[in-house]
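Throughout, a chain's letter reflects where its sequence line sits, starting with A, and its residues are numbered from 1. These numbers come from a predicted model, not from an experiment. These values consider heavy atoms only, across backbone and side chains, with no hydrogens, waters or symmetry-generated copies.
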2 protein chains.
Amino acid sequence: MNGTTPRRRGRPPRTEAAGTRDRILTAAREEFSARGYEKTSVRGIAKAAGVDPALVHHYFGSKEQVFEAAVEVAFAPALNASDAVADGPPDGVGERLTRFVLGVWENPATRTPLLAIVRSAVNNDTAAAVFRRLIAAQLMRRIAAPLDLPDAELRAELAAAQLVGTAMLRYVIRLEPLASADLEQLVARLAPVVQHHLTAA
Amino acid sequence: MNGTTPRRRGRPPRTEAAGTRDRILTAAREEFSARGYEKTSVRGIAKAAGVDPALVHHYFGSKEQVFEAAVEVAFAPALNASDAVADGPPDGVGERLTRFVLGVWENPATRTPLLAIVRSAVNNDTAAAVFRRLIAAQLMRRIAAPLDLPDAELRAELAAAQLVGTAMLRYVIRLEPLASADLEQLVARLAPVVQHHLTAA
DNA sequence: GTCTATAGGTAGATAGAC
DNA sequence: GTCTATCTACCTATAGAC
């Protein structure tokens, strides 16, 4: 251990500044989600956080490392909730998965890092890898595996495609009337389709 | 030898240079599709086309106008083929739409401008508007309207979401095994779902 | 029609003072 | 820990020579 290394993952609490690191992280999430990776600048993050641009480099190193730290939080709900989706009667997995995905997109706290990932994943290899990990790692392993059907992975990915596409058009592209549609109406239409992908012959 | 190429859209037919304009346009499509709007530079386009950067401005004005000219070609197949999708027996519209969308994504000539639009639409309002226009204008009007069902527009958009999401994961994010899946297998799994969105109770 | 030169900005990153 | 100052690199766009 040395006293000056800023390379950290979680956040070993130090006697350091009053939440400066967290303020940068929050601002970074905001900026990345609103503008995507390329259009976001370290200077813009610093300004939004009310700190000096040099501090961003001081705490995180490079812009890419700021991004990784900023979107890391998107994994927390995914990890926690994949249990809730996988558990329960098999014929309800479509609705549970649909509600979960739309839920994290409706919640502003989790929507922000998700927007950051999507806005960045299409143009940035690092972000695309994060996206793949996010979809594949838990969703596939916990939901596709128990299906015990041929093409289980492909099935799960096509179900994910329905939900990813819906999120794209509703939350990113903001296509009407989908963008303003009632949540329950969406669940009613999407859940059977997701269920069909996962379990139908 | 063809004298003046007929490949001109919205440009006053002048006696100008050989294929310089077209070379720029082709290079622009390549660059925008590979890097997205923000990361693509006018200088990069010029270098790929083997011309001077100032010529790009000379022919198109601004970077945004280059982009619009570059993706304009994506509308041609959409306009032409929406007839083929709309015509025919109603219970086959799901498969016809699925085959059409996957078809334009499989064809390198049409995939390139589509990638440019998708890579740019998530971060750029101009590109997002192009995307909305591309989905809404023809697909919705020609396919949703004849359905004569309640929520016809929403139905059509959720069907589009399935196909957009599939394209995202397969062609942009390159998620396996979806990215390498056989085309006919995809049609077999997707067509019934698209059909369900469009016509089922 | 094509290119040189340059204006006028913004970017990521670093060194070193306090 | 925090900030000032700066380096280097690249960008869009334009004016004007050939």
Fill in: Distance, rounded to the nearest Å, where B/His57 contributes NE2 and C/dT4 contributes P
16 Å

Worksheet item: Between B/His58 (NE2) and C/dC3 (C1'), how many Å, whole number?
Response: 12 Å

Worksheet item: What class does the angle between the rings of B/Phe32 and B/Tyr37 fall in, given that below 30° is parallel, 30 to 60° is tilted and above 60° is perpendicular?
Response: parallel

Worksheet item: Under the 3.5 angstrom rule, does the side chain of B/Arg155 hit a backbone N or O of B/Leu147 as a donor-acceptor pair?
Response: no

Fill in: Any A/Ser62 side-chain nitrogen or oxygen under 4.0 Å from OP1 or OP2 of C/dG12
no

Worksheet item: Of all the nucleotides listed (D/dC11, D/dG1, C/dG12), which has the minimum atom distance to the side chain of B/Ser41?
Response: D/dC11

Worksheet, complete the sentence: Whole-Å distance, B/Ile45 CD1 to D/dC10 C1', equals 15 Å

Practice prompt. Could you state the atom-to-atom distance from OH of A/Tyr37 to C1' of C/dA11 in whole Å?
Written response: 12 Å

Worksheet item: Under 4.0 Å: is that the gap between some side-chain N or O of B/Thr20 and OP1 or OP2 of C/dT2?
Response: yes

Discussion item. Just the rounded figure in Å: distance from P of D/dC10 to NZ of B/Lys39.
Written reply: 14 Å

Discussion item. Can you identify which nucleotide, out of D/dT2, C/dT14, C/dA13, has its nearest atom closest to the A/Lys63 side chain?
Written reply: C/dA13

Response to the item:
Here the distance between atom C1' of C/dA11 and atom CZ of A/Arg43, to the nearest Å, is 6 Å

Worksheet, complete the sentence: Testing C/dT2, C/dA13, D/dA13 for proximity to the side chain of B/Tyr59, the answer is C/dT2

Worksheet, complete the sentence: Separation of C/dA17 atom C1' from A/Leu55 atom CG, nearest Å, is 15 Å

Worksheet item: For B/Ala156 and B/Ala144, which heavy atoms make the closest approach, and how far apart are they?
Response: CB-CB, 3.6 Å

Worksheet item: How close or far is atom P of C/dG12 from atom CZ of A/Phe60, stated in whole angstroms?
Response: 15 Å

Worksheet entry | Side chain of B/Ala54 (C-beta onward), nearest among C/dA11, C/dC3, D/dT2 | C/dC3

Worksheet item: Are A/His197 and B/Gln162 linked by a side-chain donor-acceptor pair shorter than 3.5 Å?
Response: yes

Discussion item. Given B/Glu31, which partner from the list B/Thr40, B/Val66, B/Val42 fulfils the side chain to side chain contact (heavy atoms under 4.5 Å, CB included) test?
Written reply: B/Thr40

